[in-house]
Structure formats: structure tokens, C-alpha cells
Amino acid sequence: MTGHNFKKKFGQNFLTDKNLLNAIVRDAGVTMEDEVLEIGAGAGALTTSLSAYAKKVVSYEIDKELEGTLKALNLTNVEFVFGDALKEKLEKIEGHFEGEYKLVANLPYYITTPLIFKFLEESEKIISMTIMVQKEVAERIVSPKGGKDYGILSVMIAFYGQARIMREVNRNMFYPVPNVDSAIVRIDIEKDKYYGIDKNKFSRMIKAAFAMRRKTLSNNLSQVYDKKTLQEKLDESTLKKRAEQLDINEFVEIYNQLR
Ligand code: SAM
């Protein structure tokens, strides 16, 4: 790794602390039976810990310059793929695995949200995601209704599963040191949690509900439903609420009433 030219545009902030790396693997609940997907191998620090605990690891890295360093690690149960994990077709990513798999990653922050949703929306085989994200993003992910961080991200993640913060990670644990602190979030995916709901339509409703935070549902939802339908199907007290006062189950109920 000597002389590596760290690339900010790829979100290259690497970890080296073995205790922390092993703790992340434990947070993910990885065992010898597990197949694991890592996104952003970097110099292979997390990959090395994962490789010691998992059956198999497939690790994506966009920066070709790291190929020599990664191959030199000689990790026999690890397959490195050099390319953009966000652009890669899910089918192709999942083609590396026999069955279900866990995602574990110290994510490049610039792709956190699209990457989370790529897997939540498209994958039938992912069991969980244990990911290092910016602390503020972690707080938005796990926020309960009414909290200042509660919003579209919290609701949509709760739609697909259950999220919790496993640990906070100080910025000084990374090299180079980034200008934000981080946290490890684990999202356990619950397949068919809300079976039969069209996720695209539901997501459209949630986006509309939070479009203007200070406005009522009646106001915000009129972007996607006509006023008459809203008045016929929802009761007065619901229409007067603001999105931040409703949890995932309440949103699902509203969606079903409007169907
Ligand atoms: N896993 C390493 C560690 O913990 O030290 C590196 C983590 S670093 C925060 C993120 C890594 O993701 C970088 O090595 C970066 O080059 C890589 N990366 C960035 N965008 C990517 C993408 N779209 N697909 C695959 N890898 C990407």
C-alpha cells in the first residue's frame, strides 16, 4: 500500500485498527456459513477481517490502482471485483453467491443512499446490511417518529426492515481523517414485511407526505391524490397530521385506505 495516492472523489478513508475491524464483523453477525458482499475494499483491512470469519467474501473496488495491494493479501476465500458497485447490475453481483448473503462495508459516503436503496429495492437475496455511514445519516436512518431526524430515509428503511446503530466511530479512526464522525448501522431485512404493497407507489406517497415538513398530510398528499379522494378515505384527524407524527405502520394503513 506504500505510496497510495488517496482519492477523495472515491471516498477513500481507510481503517487500520484490528479491534474495530473485528468488532464490525461481529456487529454484522458474520459466521463461517455466511457469504458476504463488501463494497469498497480499499487496502483490504475490513476484507481481511471478514475473510477470517466468513465462508466467502466478494469485494468490489472501483480503484484499479489498489489491485496489486489487494491481490498480494492472498486471501483464498475472497474474490475481488474491480468496478463500480453502484453501476453493476444486481444480477451480476448476486451471480457470485450461491444463495443469500450479508452486505458489510465501510461505505464511500457519496454513494450511501443510492447504494442502500439499490439493495433494499432490488434484492431478494440480501439478509442484512452492516454499513459504516456518516453519523448524521445513521441518526436519520434509525430515528423514531417525532424526532428531528425523522424523514423519508427513516420511513423507507423501516418499510424494508429494522435498523439500529451498533457503534459510533470517531473520525480519528480513519486515514486520511475525514471531517465527519461515523457510525455502524445494521439493517436486518424483513422480506415481505408489508406484503402486497407496491413499493414504488408507497415511496411516492412518502416523498409527497414529507415534501413540505410544516404542512399537513391533506396539503402534501394532494400532490399525488385528488382532494376528494383524500377527504373520502381519510378521517379528519389524520388529514390534519404532519408526516413527522406518523410511523411506518400508520403510513401503511393510510396507503391501504387510499388504495
Ligand atoms: N474497506 C476499506 C477500509 O475500511 O479501510 C476502504 C473503505 S473507503 C471508506 C471506501 C472504498 O470504496 C474506497 O477504497 C473507494 O475507492 C471504494 N469505492 C468508492 N466508490 C465505489 C464504487 N462505486 N464501487 C466500488 N468501490 C467504490
Side-chain angles (χ1 to χ4, degrees), residues 1-28 30 36-54 57-73 75 77-97 101-119 122-123 126 129-138 166-186:
M1 240 273 291
T2 40
H4 177 69
N5 175 17
F6 285 90
K7 298 179 189 69
K8 219 174 168 175
K9 67 169 177 177
F10 290 148
Q12 291 185 345
N13 302 96
F14 294 174
L15 294 172
T16 48
D17 187 288
K18 285 247 162 16
N19 290 329
L20 174 61
L21 291 158
N22 288 332
I24 297 171
V25 179
R26 279 198 306 277
D27 287 341
V30 168
V36 174
L37 172 65
E38 184 191 18
I39 290 171
L46 182 57
T47 328
T48 304
S49 291
L50 285 168
S51 131
Y53 289 90
V57 181
V58 174
S59 186
Y60 273 76
E61 174 51 59
I62 201 169
D63 186 357
K64 262 275 195 187
E65 276 179 31
L66 289 161
E67 186 166 0
T69 304
L70 291 170
K71 296 258 163 87
L73 294 172
L75 301 169
N77 60 345
V78 178
E79 222 177 286
F80 288 109
V81 184
F82 294 90
D84 185 333
L86 195 59
K87 290 203 183 129
E88 187 90 302
K89 285 230 159 42
L90 191 71
E91 260 182 345
K92 194 142 180 230
I93 297 178
E94 295 191 337
H96 293 279
F97 299 112
Y101 62 94
K102 294 176 176 170
L103 191 159
V104 186
N106 172 13
L107 282 186
Y109 293 156
Y110 74 108
I111 56 169
T112 304
T113 321
L115 205 101
I116 292 177
F117 283 103
K118 177 185 177 107
F119 288 92
E122 298 175 31
S123 177
I126 190 162
M129 292 187 204
T130 305
I131 49 183
M132 178 89 76
V133 300
Q134 235 171 281
K135 197 171 149 210
E136 287 71 25
V137 177
M166 306 302 288
R167 70 186 63 245
E168 294 187 355
V169 181
N170 188 280
R171 67 190 73 184
N172 292 315
M173 299 304 282
F174 298 86
Y175 186 83
V177 178
N179 47 18
V180 290
D181 290 316
S182 294
I184 295 286
V185 172
R186 172 165 160 176

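Both counts, for ligands and for their atoms, begin at 1 and track the order of listing. All values below come from the heavy atoms of this structure, side chains included, with hydrogens, waters and symmetry mates left out. In this chain, numbering begins with 1 at the start of the sequence shown.
Of the polar atoms of Asp84, at least one N or O is found under 3.5 Å from an N or O of ligand 1, judged by distance alone. Remark: ligand 1 and Asn106 share an N or O pair separated by less than 3.5 Å (distance only, no angle test). Where the criterion is an N or O separation shorter than 3.5 Å, residue side chain and backbone included, Ala43 fails it with respect to ligand 1. At under 3.5 Å, a nitrogen or oxygen of Ile62, whether backbone or side chain, sits near a nitrogen or oxygen of ligand 1. Polar contact check, Ala85 against ligand 1: a nitrogen or oxygen pair lies under 3.5 Å apart.
Atom CG of Asn179 and atom CZ of Arg171 lie 7.0 Å apart (nearest 0.5 Å). Rounding to the nearest 0.5 Å places CG of Asn106 at 4.5 Å from CE of Met132. The line from CG of Leu50 to CG of Leu21 is 8.5 Å long, rounded to the nearest 0.5 Å.
Close contacts between ligand 1 and Gly83 involve ligand atoms 24 (N), 25 (C) [criterion: under 4.0 Å to a heavy atom]. Close approach of ligand 1 to Asn13 (heavy-atom distance below 4.0 Å) involves ligand atoms 7 (C), 8 (S), 9 (C). Below 4.0 Å from some heavy atom of Gly11 lie the following atoms of ligand 1, by number and element: 8 (S), 9 (C), 10 (C). Residue Gly40 has at least one heavy-atom neighbour below 4.0 Å for each of these atoms of ligand 1: 1 (N), 2 (C), 6 (C), 7 (C), 11 (C), 12 (O), 17 (C), 26 (N). Which parts of ligand 1 touch Glu38 is read off a 4.0 Å heavy-atom cut-off, strictly below it: atoms 1 (N).
For the pair Tyr110 and Ile62, the tightest heavy-atom approach, listed with the atom from each and the gap, is OH-CD1, 4.4 Å. Closest non-hydrogen pair, Ala105 versus Ile39, comes out as CB-O, 3.5 Å.
Looking only at side-chain heavy atoms (C-beta outward), Asn13 and Tyr109 stay at 4.5 Å or farther from each other.
Of all the heavy atoms of Ile111, the ones lying under 4.0 Å from any atom of ligand 1 belong exclusively to the side chain. The residue Lys7 has no part lying near ligand 1, judged by heavy-atom distances below 4.0 Å. At a heavy-atom distance under 4.0 Å, only side-chain atoms of Tyr110, from C-beta outward, approach ligand 1.
Salt bridge Asp27/Arg186: absent, no basic N to carboxylate O contact under 4.0 Å.
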Could you pull out every donor-acceptor pair under 3.5 Å between side chains of residues 86-94 and any protein atom, sequence neighbours left out?
| residue | atom | partner | partner atom | Å |
| --- | --- | --- | --- | --- |
| Glu88 | OE2 | Tyr60 | OH | 2.8 |
| Glu94 | OE2 | Tyr101 | OH | 2.5 |
| Glu94 | OE2 | Ser123 | OG | 2.7 |

### Task
Report the C-alpha distance between Phe14 and Phe6 in whole Å, list the side-chain angles of each, state the deciding distance to 0.1 Å, and finish with yes or no for ring pair (Phe, Tyr, Trp, His ring centres under 6.0 Å).
CA-CA 9 Å; Phe14 294 174; Phe6 285 90; 5.1 Å; yes

### Task
For Glu65 and Asn5, run side-chain hydrogen bond (donor to acceptor under 3.5 Å, both in side chains): C-alpha distance rounded to whole Å, both residues' side-chain angles, the deciding distance at 0.1 Å, then the answer.
CA-CA 9 Å; Glu65 276 179 31; Asn5 175 17; 4.9 Å; no

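Nearest protein heavy-atom neighbour of atom 2 (C) of ligand 1: Ala41 O, 3.3 Å. For atom 15 (C) of ligand 1, the closest non-hydrogen atom on the protein side is Phe10 O, 3.2 Å. In this structure, the protein non-hydrogen atom closest to atom 16 (O) of ligand 1 is Glu61 OE2, 2.6 Å. The shortest contact between atom 5 (O) of ligand 1 and any protein heavy atom is with Leu15 N, 2.8 Å.
Annotation for Lys7: atom NZ counts as buried by contact number, over 12 foreign heavy atoms lying within 6.0 Å.
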